[in-house]
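When a residue number appears, it is its place in the shown sequence, counting from 1.
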Amino acid sequence: MALNWRHHATGDLRPCRYCRRPAFMRDEVGRPCHKVCAEQHEHDHDDQDVTLAPVIPLPTPTAAPQPRRRIA
């Protein structure tokens, strides 16, 4: 599983709320946060009801379609 960051925001560099290193991204309430830090925090605290962003299942990879052959 991964957090859904499709609607994330960006801003000036600010300290990440978890690791304190500079981060451009913002979580859903506007706090500076790295995606990796948020996902690690979610994993570490998955027994709690509080989440930073909606959790969505990752799609299963499928085989790439084969290119069409041209018959002359």
**Prompt:** Which heavy-atom pair separates Cys16 from Cys33 by the least distance, and what is that distance?
**Reply:** SG-CA, 3.9 Å
**Prompt:** Can you tell me if His34 uses its side chain to pair, donor with acceptor, with the backbone of Tyr18 under 3.5 Å?
**Reply:** no
**Prompt:** Do any N or O atoms from the side chain of Arg26 and from the backbone of Phe24 form a donor-acceptor pair under 3.5 angstrom?
**Reply:** yes
**Request:** Output, in order, the C-alpha distance, side-chain angles, deciding distance and verdict of side-chain contact (heavy atoms from CB on, under 4.5 Å) for Glu39 and Lys35.
**Result:** CA-CA 6 Å; Glu39 288 176 347; Lys35 181 178 184 284; 2.6 Å; yes
**Asked** Got a second to check how far Arg17's CZ is from Cys37's SG, nearest 0.5 Å?
**Response** 10.5 Å
